[in-house]
Amino acid sequence: MQDFPKRFDSATAEPLIYDKWVASGGFSPSMESQAEARSILMPPPNANGALHLGHAYEIAIQDTLIRYWRMRGYKTLWQPGADHAGFETQYVFDRKLEKEGRNRFSIPRAELYQEIYDFSIANQAVIRQQFERMGASADWSRFRFMLEPDLVKTVYKTFKQLYDDGLIYRAKRPVHWCIKDQTTLSDLEVTDQEQTDKLYYLTYGPVTVATVRPETQFGDVAIAVHPEDERYKDLVGTTVDVKMAHQTVSLPVIADDYVNREFGTGALKITPAHDPNDFEIAQRHNLDLPIVIDQYGKLTDQCGQFSGMKIADARAAVVAELESLGVVEKIEAYPHTVKVCYKCNRLIEPRIIDQWWLSLTKPSQSKQKSLRDLAVGAVASGETRFITERYENQFHSWMESVRDWPLSRQIVWGIQLPVWYAKDGSVVVTEGEEPANASELTRDSDVFDTWFSSCQWPFSTLGNHNDDLETFYPTTAMTPGYELIFFWVARMMMLGIYTQGKSPYKVVMLHGIVRDGKGQKMSKSKGNTVDPLATADQYGADAIRLALLYGTAPGTDPTASEEKIRGMRNFGTKVWNIARYITMSKSADAKSEFIPVTDADHTVIKQLHSTIATVTQALDDYQLHIALESLYQFIWRDVADVYLEKTKDQLQNETTKLTTEGNLVYVLDTILRLLHPFAPFVTEALWSEVMPGQPLLLVSQWPEVTNG
RNA sequence: GGGCGAUUAGCUCAGUGGUAGAGCAGCUCGUUUACACCGAGAAGGUCGGGGGUUCGAAUCCCUCAUCGCCCACCA
């Protein structure tokens with residue numbers, strides 16, 4: 001073939017190859033097949049942004065496994081979809097509204113919902129195209145969106161089941177509240193931030209208390225000391241008069257083990273409505289919960305002249321007043337950690353409000369076990385295995401101290417709770433349908449935490465498509481980023497085991513965060529991000545995938561520099577030219593058949609067999625980097641540098657010419673199969689050149705070691 | 001305050017008991033019809049420090065140091 005170009009034109013060829021794959025139907029599992037089923041659920045990407053290298057990395061891992069399994073002959077499903085990504089999307093949309101000078105609180109609920117819905121659907125299409133550009137061989141005919149009615153129905157059914165089983169309850173308890181975003185957040189959605197505040201030592205009657213939040217003093221209900229603290233022994237049980245910024249207040253002095261004698265003065269003011277620890281103490285001592293800060297971060301009307309002030313202003317004003325009263329004894333700089341909203345980084349305000357909770361530690365009536373214990377049991381028994389093992393330790397230690405999960409969020413974008421309230425305070429929970437007397441009831445306006453539905457993704461998608469649940473559940477592997485181990489992995493196991501009786505996946509392979517060539521985290525502000533789409537056009541999607549997988553051990557952070565991507569592009573070109581050489585050297589009718597004659601033949605077939613064994617074993621063990629490195633070395637060093645050079649003589653020699661041609665084709669044939677899961681495009685392109693008339697490489701058979 | 005991980009060639013990282021590896025960068029030479037997005041050759045590491053186990057340790061154990069991550073209600 002004289003028209004065999006010197007290089008693979010990835011930018012032009014890759015999209016065309018992708019179209020061929022789609023047209024072939026090869027991404028869909030053959031349901032008639034009797035083979036063992038293998039499956040991965042594509043973590044539903046948030047439909048609110050563009051593809052980044054993190055997506056590309058996840059695609060590389062999953063697509064490599066999927067393509068490998070498909071070639072091994074398993075009944076293989078990669079189930080794609082999109083999440084509504086509740087708060088994440090709402091947050092993005094809120095910023096968009098802000099730019100337009102609008103505000104979500106002034107838009108009618110149904111209208112706002114529809115706007116976000118359209119926004120989300122539009123982004124979904126974009127994201128999906130980008131996944132396709134990376135070569136994702138997902139079964140798009142099964143694409144599901146989290147808010148499709150049957151998936152929502154599944155979520156409602158689970159909620160009702162958990163409710164009837166005694167695991168879901170509504171309670172007034174302290175929650176993390178974001179003033180900016182006006183919603184509750186779970187423990188996982190707040191992060192620690194170090195900052196230096198002031199610690200105020202205030203005269204509280206006969207004692208001194210230390211506090212960073214003097215503006216909450218209007219909500220104080222007691223002074224707490226340690227029961228064995230000699231300094232305050234005589235005061236416990238008495239009531240003392242405290243000069244506050246608005247008036248003098250009588251507070252009881254109570255004793256509680258929680259108080260640390262070493263800290264501050266050993267005396268603690270108790271503000272139960274605005275501090276989770278104080279709340280616990282107040283519960284133990286039957287104290288009131290006066291609310292003095294509202295949901296917007298302003299002081300309530302119980303705060304005298306400070307009513308209506310914002311927290312920061314109130315603090316300054318209260319301190320000024322207290323100073324004039326002569327009750328500020330000392331002010332110290334106080335470095336400590338505070339909780340902030342993981343999205344907007346603003347200070348979290350603890351609030352005591354009614355929320356719906358899912359108990360993770362209480363045994364259910366039906367199963368006599370808690371959700372936590374169900375998940376822990378699946379890991380302990382080996383039903384679900386973590387790669388790498390150290391994440392298993394993290395999983396267990398988190399589970400040990402896990403707390404109940406607040407399910408309700410005060411946003412519009414999401415699945416609204418199937419909960420109605422009657423005037424008499426009674427509650428109706430359904431599987432989503434309106435109660436008969438709905439007109440007399442008020443529906444809860446909250447929506448579910450997005451993770452509540454995400455964690456049902458395995459059975460909500462599979463369970464609503466023919467026999468998929470039976471065939472593909474439990475799925476084979478899940479490969480999320482390690483930051484999702486608690487958000488998603490652990491909770492998905494709980495709900496999966498609870499509803500299906502089996503853990504949703506056999507293997508959890510956690511991966512790291514993509515870093516730049518210097519090992520730095522990528523971020524827009526640092527300007528070190530790599531746009532996968534632009535890079536795919538320049539170097540090919542194969543090159544990106546290879547760069548992300550090469551040299552990355554499971555659970556560690558991959559690095560992807562332009563140099564590394566270019567290097568992997570060069571590897572693709574090397575493979576391309578191996579094929580070019582072989583194609584130009586052989587006769588048109590040369591068969592793919594290995595007959596070793598020369599020493600070089602014997603050497604290369606031995607290396608080939610050993611490579612097949614290594615790559616196969618490594619892929620079975622989820623050691624993608626080992627498989628890839630072994631292939632890279634074999635292809636470039638053993639085949640290109642050594643064997644091909646030897647064959648230049650062998651092809652000139654009439655006694656070895658024919659067998660050498662067959663050997664070359666055989667080696668190439670095998671290389672293309674082995675490399676296909678990692679670099680699907682270039683291998684498929686060469687396959688159609690070298691093996692014309694054959695079915696697509698996509699659905700070809702994985703090589704096996706033969707005794708030849 | 002707990003728990004975990006990392007420390008290997010200039011840079012980024014593989015390698016978990018048996019004679020030190022890759023990619024990128026760099027050096028010397030080479031435009032021979034597979035490939036200059038290349039080839040040949042050379043160079044480069046007492047595998048963080050110290051101690052121990054072993055016939056043998058980058059790999060197992062102890063300890064120290066530095067960096068990083070996760071979890072945690074001390075006002």
Side-chain angles (χ1 to χ4, degrees), chain A residues 2 4-8 174 187-188 191-192 197 199-202 209-214 216 223-224 258-271 275-281 334 336-337 339 350 388-403 482-483 485-486 512-513 515-521 539-540 543 546-547 550-585 623 625-626 628-630 632-633 636-637 639-641 644-645 647-648 664 668:
Chain A
Q2 60 271 62
F4 206 125
K6 285 189 173 184
R7 284 171 205 155
F8 179 45
D187 292 336
L188 296 173
T191 53
D192 287 342
D197 284 313
L199 185 62
Y200 302 90
Y201 288 78
L202 306 178
V209 299
T211 180
V212 289
R213 301 200 61 185
T216 63
I223 297 166
Y258 169 79
V259 180
N260 180 348
R261 278 173 282 182
E262 315 299 321
F263 190 92
T265 59
L268 175 61
K269 76 183 194 68
I270 301 300
T271 323
D275 183 292
N277 299 311
D278 292 6
F279 175 84
E280 296 296 329
I281 294 172
Y334 180 55
H336 65 151
T337 59
K339 303 231 176 264
T388 59
E389 214 171 309
R390 66 189 158 105
Y391 290 112
E392 202 164 305
N393 302 331
Q394 235 182 61
F395 168 86
H396 278 119
S397 64
W398 184 70
M399 282 299 206
E400 265 169 34
S401 55
V402 74
R403 294 192 287 173
Y482 52 54
E483 73 279 8
I485 182 168
F486 308 135
I513 301 165
R515 295 170 181 273
D516 72 8
K518 292 182 187 136
Q520 303 284 309
K521 263 192 187 180
Y539 296 112
L546 291 167
Y550 194 95
T552 307
T556 63
D557 295 338
T559 53
S561 57
E562 185 166 349
E563 290 75 26
K564 190 173 179 187
I565 294 168
R566 193 187 300 135
M568 290 301 143
R569 188 274 318 266
N570 294 351
F571 175 52
T573 305
K574 181 51 97 173
V575 175
W576 183 266
N577 280 287
I578 289 171
R580 183 167 185 262
Y581 164 76
I582 292 173
T583 305
M584 297 195 318
S585 309
Q623 304 292 314
H625 65 302
I626 304 235
L628 183 53
E629 185 161 338
S630 153
Y632 187 102
Q633 294 308 313
W636 204 314
R637 303 277 92 93
V639 174
D641 291 349
L644 255 48
E645 293 306 320
T647 63
K648 287 176 182 173
L664 283 170
L668 176 60

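Atom set for the values below is all heavy atoms of this structure, side chains included, hydrogens, waters and symmetry mates excluded. Per chain, numbering begins at 1; letters A, B, ... match sequence-line order.
A:Glu562 and A:Tyr539 share a side-chain donor-acceptor pair at under 3.5 Å.
Base pairing annotation: B:C74 forms no Watson-Crick or G-U wobble pair, as no partner gives both donor-acceptor distances under 3.5 Å. The partner of B:C55, taking Watson-Crick or G-U wobble pairs whose two distances both stay under 3.5 Å, is B:G18. Pair assignment for B:A36 gives none, since no Watson-Crick or G-U wobble pairing has each distance under 3.5 Å.
Taking atom P on both nucleotides, B:A58 is separated from B:U16 by 14 Å, rounded to a whole Å. Spacing between B:U19 and B:G23 at atom C1', rounded to whole Å, works out to 24 Å. A gap of 16 Å separates the P atoms of B:C38 and B:U32, to the nearest Å. Across B:G51 and B:A57, the matching C1' atoms stand 14 Å from one another, rounded to whole Å. B:G49 and B:U31 are spaced 45 Å apart, taking the P atom of each and rounding to whole Å. Going from the P atom of B:A43 to that of B:A20 covers 16 Å, rounded to whole Å. B:G52 and B:G18 are spaced 22 Å apart, taking the P atom of each and rounding to whole Å. Taking the C1' atom of each, B:G44 and B:C61 are spaced 32 Å apart, rounded to whole Å.
Nucleic acid contact class of A:Gly540 (heavy atoms, under 4.0 Å, all strands): none. Within 4.0 Å of A:Ala640, counting heavy atoms only, lies at least one base atom of the nucleic acid. When heavy atoms are screened at a 4.0 angstrom cut-off, A:Thr556 is found touching the sugar-phosphate backbone but no base atom. Within the 4.0 angstrom heavy-atom criterion, only backbone atoms of the sugar-phosphate kind lie near A:Arg390; the bases stay farther away.
Taken from NZ in A:Lys564 to OG1 in A:Thr559, the straight-line distance is 4.0 Å, to the nearest 0.5 Å. With rounding to the nearest 0.5 Å, the separation of OG1 in A:Thr552 from NE2 in A:His625 is 8.5 Å.
Atom pair A:Glu389:CD and B:G5:P shows a separation of 10 Å (rounding to whole Å applied). Rounded to whole Å, atom P of B:C11 lies 14 Å from atom CD of A:Gln520. Distance, A:Glu392 CD to B:G3 C1': 15 Å, rounded to whole Å. In this structure, the CG atom of A:Leu546 is 22 Å from the P atom of B:U12, given to the nearest Å. At whole-Å resolution of the value, CZ in A:Arg515 and P in B:C67 are 16 Å apart. A:Phe571 has its CZ atom 12 Å from the P atom of B:C38, to the nearest Å. Between the C1' atom of B:C24 and the CD atom of A:Glu562 lies a distance of 12 Å, rounded to the nearest Å. Between the CG atom of A:Leu628 and the P atom of B:G15 there is a distance of 13 Å, rounded to whole Å.
Map A:Thr265 and A:Asp187 each onto its nearest nucleotide of RNA chain B; the residue landing nearer the 5' end is A:Asp187. Comparing A:Asn570 and A:Arg213 by the nucleotide of RNA chain B that holds the closest heavy atom to each, the one mapping nearer the 5' end is A:Asn570.
In this structure, the nucleotide among B:G15, B:A75, B:C35 sitting nearest to the side chain of A:Thr573 is B:C35. Taking every side-chain heavy atom of A:Asn260 into account, B:C74 is the closest of B:A34, B:C13, B:C74. Closest to the A:Trp636 side chain, of the nucleotides B:A36, B:C73, B:G39, is B:G39. Comparing B:G23, B:A75, B:C73 by their nearest atom to the side chain of A:Phe263 picks out B:A75. Checking B:A22, B:A75, B:C35 against the side-chain heavy atoms of A:Asn577 singles out B:C35 as nearest. Nearest nucleotide to the side chain of A:Glu645, out of B:A34, B:G15, B:A36: B:A34. Checked against B:G21, B:C70, B:A34, the side chain of A:Arg580 finds its nearest nucleotide in B:A34. Among B:A34, B:C70, B:A75, the nucleotide with an atom closest to any side-chain atom of A:Gln394 is B:C70. For A:Asp641, taking side-chain heavy atoms from C-beta onward, the closest of the listed nucleotides B:G39, B:C35, B:A75 is B:G39. Out of B:C73, B:A14, B:C71, the shortest distance to the side chain of A:His625 is found at B:A14.
For A:Phe571 and A:Trp576, the gap between ring centers reaches or exceeds 6.0 Å.
You'll find a donor-acceptor pair under 3.5 Å spanning the side chain of A:Lys574 and the base of B:C35, going by distance alone. For A:Lys564 against B:A22, no side-chain N or O and base N or O form a donor-acceptor pair under 3.5 Å. At a cut-off of 3.5 angstrom, the base of B:A72 holds no donor-acceptor pair with the side chain of A:Glu400.
Panel note: side chain A:Asp275, backbone A:Asp278; a donor-acceptor pair is recorded below 3.5 Å.
Under the ring pair (Phe, Tyr, Trp, His ring centres under 6.0 Å) criterion, A:Tyr581 pairs with no residue at all, not counting sequence neighbours.
Contact annotation: A:Tyr334 reaches the phosphate of B:A75 (side-chain N/O to OP1 or OP2, under 4.0 Å). In this structure, A:Arg637 reaches the B:G23 phosphate: one of its side-chain N or O atoms is under 4.0 Å from OP1 or OP2.
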